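First comes the structure, then the notes that go with it.
Letters A, B, ... are given to chains in the order of the sequence lines, protein chains preceding strands, and every chain is numbered from 1. Quick caveat: nothing in here was measured; it's all calculated off a predicted structure.
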Amino acid sequence: MRLYNTMGREIQEFKPINEKEVGLYCCGPTVYNYAHIGNLRTYVFEDLLRRTLEYAGYNVNHVMNITDVGHLTGDADDGEDKMEKSARETGKTPADIASFFTDAFFKDIDRLNITRPKTACAATKHIGNMIGLIKRLEAKGFTYIEGGNVYFDTSKFENYGEMALLDRQKLKAGARIAVDGNKKNPADFVLWFTNSKFENHIMQWESPWGRGYPGWHVECSAMSMKYLGDSFDIHCGGIDHIPIHHTNEIAQSEAASGKKWVNYWIHGEFLLMDKQKMAKSAGNFFTLQTLIDEGYDPLDYRYFCLGGHYRSQLIFNFESLDAARNARSNLALKVADLKAEAEPAPKAKLDVRAAAILKKFNAGLLNDLNAPKALAELWQLMKDKEISAGDKLGTVLEMDRVLGLKLEEVEASSAELTDEEYAVVKEREQARSDKDWAKADELRGKLLEMGIEIKDTAEGTECKKRGNL
RNA sequence: GGCGCCGUACCCAAGUGGUAAGGGAGAGGUCUGCAAAACCUUCAUGCAGCGGUUCGAAUCCGCUCGGCGCCUCCA
């Protein structure tokens, strides 16, 4: 399997630390608001990665953090905590907010058929681990205290910014935000705050440096190391995390352990709205629920995401989403008809043509998760005139183990009609023989709403069950 | 100011040296009382533009034009 590693900026052959085990850490949501579909694109990509690894035979230990503390509203270190702000505005406690939006997040990823991580860890449950990490860093001399906060001294970490190529960038300190006068170096970042500028800051914990709360990079290092060890295979996230969040995580993790922390860094690109990135701050975002309210199935969005490569920006608009919906619907219709015709052939007994297409499908995914290529192979399969229904069905269901489009659940179009449905069909046939076309057409529409598709032929009327499509 | 990336048909989008995947939409046809679905046919001598390298370039190099992201909120 080949994957593009942001560390080194090249496609590399994937070799896990342990032969059959993969440690996978994915940056999770900050649970102060709903995820938007741009956020969700990244989780779809990570799910594709996980499923591909599992399909390739690896046992994946998938860990994701739930950030319920520590991210700030403002661009600088003096911004208000998002959790606290949301709590204050709604009159709820931060814990209530976190609980509510954590549930909403899992509901979204469930609806997208994204496999839940084996471990989903909340930051507030791991404050002790974070303090432990900061103490390790302090003992090794990587920290300093200024203005009541504990800072990481980036000048002490030799390869700081290596992945983000920061040494090649002449960063303009203060280009966007005010410089924190407490910092010795512009890139230094806070490990522990004791000086909240907001009175009544609810989320505070005791620490060796005083009562306060952790900086927002610490949790990922502390929790990933707890669940996956000082060194593990893959760390994923959005591309925006490369220069700051992941750069700082690498620095503090490797400074603490003295070991290489992560072997493969894989980052997903943004979803664009009208050529601009989708962002809550820009106000140009949709939630999954918005799409559902517009009449789309969450899997339509999943299919849409699979239509673009994870390392390319993907342009979202409703015309494209319609295209994805139509494509997925057409696929499901074909699968329903295949199920009516034959039993799926087992993978080991596929004929050579089907096996060859499946091989190309796999090759696409194993080559840096080329899902668009894999989908193209899927359509080659569906269009093939020589492959039998059983072989097609067996192959496409095999493909869907990675694609996750729930084709297994598609009902065969031959499913028996209920008495009620049958009665309407008979009623329409009567209308047709009476040449009462208006009534026949009306009943055809009614049947379609009931999920029954009608086809009038010279031999009579045929029905197809389209109930769950 | 610096860094990273992109520009492929009406829309989305693969392909990154060997002669343009796939989906959707559109058009024509078969079938039908009319439809829908299905099936068949069709849909870029062309990959922003201009040069260059090469037997050969959408793919490599240069320039120009246009767009996106980042430089401590961000998936």
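Residue A:N317 places no side-chain N or O under 4.0 Å from the OP1 or OP2 atom of B:rC11. An OP1 or OP2 oxygen of B:rG23 is reached within less than 4.0 angstrom by no side-chain nitrogen or oxygen of A:N326. For A:K373 and B:rA13, the shortest distance from a side-chain N or O to OP1 or OP2 is not below 4.0 Å. Of the side-chain N and O atoms in A:S312, none sit less than 4.0 angstrom from OP1 or OP2 of B:rC5. Dashed line: the shortest gap from a side-chain N or O of A:K334 to OP1 or OP2 of B:rC39 is under 4.0 Å. Note on A:Q380: a side-chain N or O is less than 4.0 Å away from OP1 or OP2 of B:rG22. Side-chain N/O atoms of A:N370 include one lying less than 4.0 angstrom from OP1 or OP2 on B:rG15.
One interatomic measurement links the two molecules: CE of A:M382 to C1' of B:rA38, which rounds to 13 Å at whole-angstrom precision. With rounding to whole Å, A:L314 atom CG is found 20 Å from B:rG22 atom P.
At a threshold of 4.0 angstrom between heavy atoms, the contacts of A:A327 are confined to the sugar-phosphate backbone, with no base atom among them. Contacts of A:H267 with the nucleic acid, taken as non-hydrogen atoms under 4.0 Å apart, are absent. At the heavy-atom level, A:G38 lies under 4.0 Å from base atoms of the strands shown.
Salt bridge present: A:D322 and A:R325 bring a charged side-chain N and a carboxylate O closer than 4.0 Å. A salt bridge is defined here as a Lys NZ or Arg NE, NH1 or NH2 lying under 4.0 Å from an Asp or Glu carboxylate O, and A:R428 with A:D456 meets this definition. Look at A:E442 and A:K439 and you find no salt bridge, because none of the NZ, NE, NH1 or NH2 atoms lies under 4.0 Å from a carboxylate O. Ionic pairing of A:R353 and A:D384 is present here: one or more N-O contacts between side-chain nitrogen and carboxylate oxygen are shorter than 4.0 angstrom.
Mapping A:A324 and A:G308 onto RNA chain B via the closest heavy atom, the residue that lands nearer the 5' end is A:G308. Along RNA chain B, the nucleotide closest to A:W437 and the one closest to A:K385 are compared, and the more 5′ of them pairs with A:W437.
Below the 3.5 angstrom threshold, one finds no donor paired with an acceptor across the side chain of A:D436 and the base of B:rG33. At a cut-off of 3.5 angstrom, the base of B:rG4 holds no donor-acceptor pair with the side chain of A:R311. Not a single donor-acceptor pair, N or O on each side, falls under 3.5 Å between the base of B:rA36 and the side chain of A:R444. On a pure distance criterion of 3.5 Å, a polar donor-acceptor pair joins the side chain of A:R432 and the base of B:rG33. Between the base of B:rC34 and the side chain of A:D456 there is a donor-acceptor pair shorter than 3.5 Å.
Taking a pair to require two hydrogen-bonding distances under 3.5 Å in either a Watson-Crick or a G-U wobble arrangement, B:rA14 remains unpaired. The base-pairing partner of B:rU45, taking Watson-Crick or G-U wobble contacts with both distances under 3.5 Å, does not exist among the strands shown. Across every strand in view, B:rC70 sits in a pair with B:rG2 that passes the Watson-Crick or G-U test at under 3.5 angstrom. When both distances must be under 3.5 Å, the Watson-Crick or G-U wobble mate of B:rU32 does not exist. In this structure, B:rG62 forms a base pair with B:rC50, meeting either the Watson-Crick or the G-U wobble geometry with both donor-acceptor distances under 3.5 Å. Applying the Watson-Crick and G-U wobble criteria (two distances, each under 3.5 Å), B:rA9 pairs with nothing in any strand.
Of the candidate nucleotides B:rC11, B:rC70, B:rA37, B:rC70 has the atom lying nearest to any side-chain atom of A:P243. Comparing B:rA38, B:rG22, B:rC68 by their nearest atom to the side chain of A:L272 picks out B:rC68. When each of B:rC34, B:rA75, B:rC12 is scored by its nearest atom to the side-chain atoms of A:I315, the top-ranked nucleotide is B:rC12. Checking B:rC34, B:rA36, B:rA75 against the side-chain heavy atoms of A:R428 singles out B:rC34 as nearest.
The gap from the P atom of B:rC47 to that of B:rC10 amounts to 13 Å, rounded to the nearest Å. B:rC3 and B:rG62 have their P atoms separated by 14 Å, given to the nearest Å. If you take atom C1' in B:rA20 and the same atom in B:rU8, they sit 8 Å apart, rounded to whole Å. Between B:rG29 and B:rC43, the distance separating the two C1' atoms is 15 Å to the nearest Å. Nucleotides B:rG66 and B:rU45, compared at atom C1', are 26 Å apart to the nearest Å. Rounded to the nearest Å, the gap between the P atom of B:rG7 and that of B:rG49 is 13 Å. Using C1' as the reference atom, B:rG56 and B:rC60 are 13 Å apart when rounded to the nearest Å.
Under the rule for a side-chain hydrogen bond (donor to acceptor under 3.5 Å, both in side chains), A:R41 has no partner lying at least two apart in sequence or in another chain.
Evaluation of the salt bridge (charged side-chain N to carboxylate O under 4.0 Å, His left out) test over residues 114-123 of chain A, restricted to residues two or more places apart or in two chains, returns A:D110-A:R116.
Below 30°, between 30° and 60°, or above 60°: for A:W265 and A:H267 the angle between ring planes is below 30°, a parallel geometry.
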